[in-house]
Amino acid sequence: MRIDKFLKVSRILKRRTVAQEACDKGKVAVNGKPVKPAHQIKAGDTVEITYANGGLKFIIKEIKETVKKDEVSSLYEIITEN
């Protein structure tokens with residue numbers, strides 16, 4: 001699955017276009033390397049997102065095409081949140 005789609009499906013970012021813009025601006029890194037929106041992710045990857053006032057680092061536990069709102073937490077595990 002593409003990183004931009006995962007960020008939207010997991011509800012980490014609200015819209016896919018926002019996820020694409022974040023990737024294009026170098027604010028999303030997978031396993032320590034900045035990535036483009038089309039980067040393919042897999043379970044076990046570490047993702048880091050940089051915001052203006054902090055950031056979020058998490059590990060992808062599972063990948064699903066669609067997920068219900070109450071099942072979102074099964075997709076990733078937060079390591080650090082600033």
Side-chain angles (χ1 to χ4, degrees):
M1 177 182 286
R2 293 168 53 118
I3 184 68
D4 60 339
K5 185 171 182 182
F6 179 82
L7 292 173
K8 190 251 183 233
V9 169
S10 64
R11 294 174 173 82
I12 292 172
L13 296 175
K14 287 189 176 194
R15 292 185 307 274
R16 192 164 175 181
T17 54
V18 173
Q20 290 171 339
E21 288 172 9
C23 290
D24 287 336
K25 292 179 180 177
K27 296 184 177 191
V28 179
V30 176
N31 298 326
K33 297 177 184 171
V35 295
K36 296 290 180 191
H39 182 79
Q40 295 293 316
I41 54 156
K42 61 188 180 308
D45 283 348
T46 302
V47 180
E48 209 168 340
I49 302 174
T50 307
Y51 300 110
N53 58 350
L56 176 68
K57 187 173 184 179
F58 61 92
I59 295 176
I60 298 172
K61 291 174 28 180
E62 190 177 1
I63 296 175
K64 291 184 179 178
E65 290 293 321
T66 58
V67 65
K68 294 180 181 175
K69 190 175 182 179
D70 57 339
E71 298 172 351
V72 169
S73 61
S74 69
L75 297 179
Y76 60 91
E77 178 183 340
I78 295 175
I79 300 171
T80 57
E81 188 173 6
N82 300 348

Derivation and outcome, side chain to side chain contact (heavy atoms under 4.5 Å, CB included), residues Leu13 and Lys8: CA-CA 5 Å; Leu13 296 175; Lys8 190 251 183 233; over 6 Å; no
Approximate separation, where rounding is to 0.5 Å, of Ile49 CD1 and Lys57 NZ: 12.5 Å
Ile12 and Phe58, any side-chain heavy atoms less than 4.5 Å apart: yes
Contacts of Arg15 that satisfy side-chain hydrogen bond (donor to acceptor under 3.5 Å, both in side chains) - sequence neighbours left out: none
Asn31: side-chain hydrogen bond (donor to acceptor under 3.5 Å, both in side chains) partners, not counting sequence neighbours: Asp45
What pairs of donor and acceptor atoms, side-chain ones from residues 59-82 against any protein atom, are under 3.5 angstrom apart with sequence neighbours left out?
{"from": "Glu65", "atom 1": "OE1", "to": "Lys5", "atom 2": "NZ", "distance (Å)": "2.6"}
{"from": "Ser74", "atom 1": "OG", "to": "Glu71", "atom 2": "O", "distance (Å)": "2.7"}

Straight-line distance of Asp4 CG to His39 NE2, nearest 0.5 Å: 11.5 Å
Side chains of Arg2 and Gln20 in contact at under 4.5 Å (non-hydrogen atoms): yes
Heavy-atom check, side chain of Val28 versus side chain of Glu48, under 4.5 Å: no
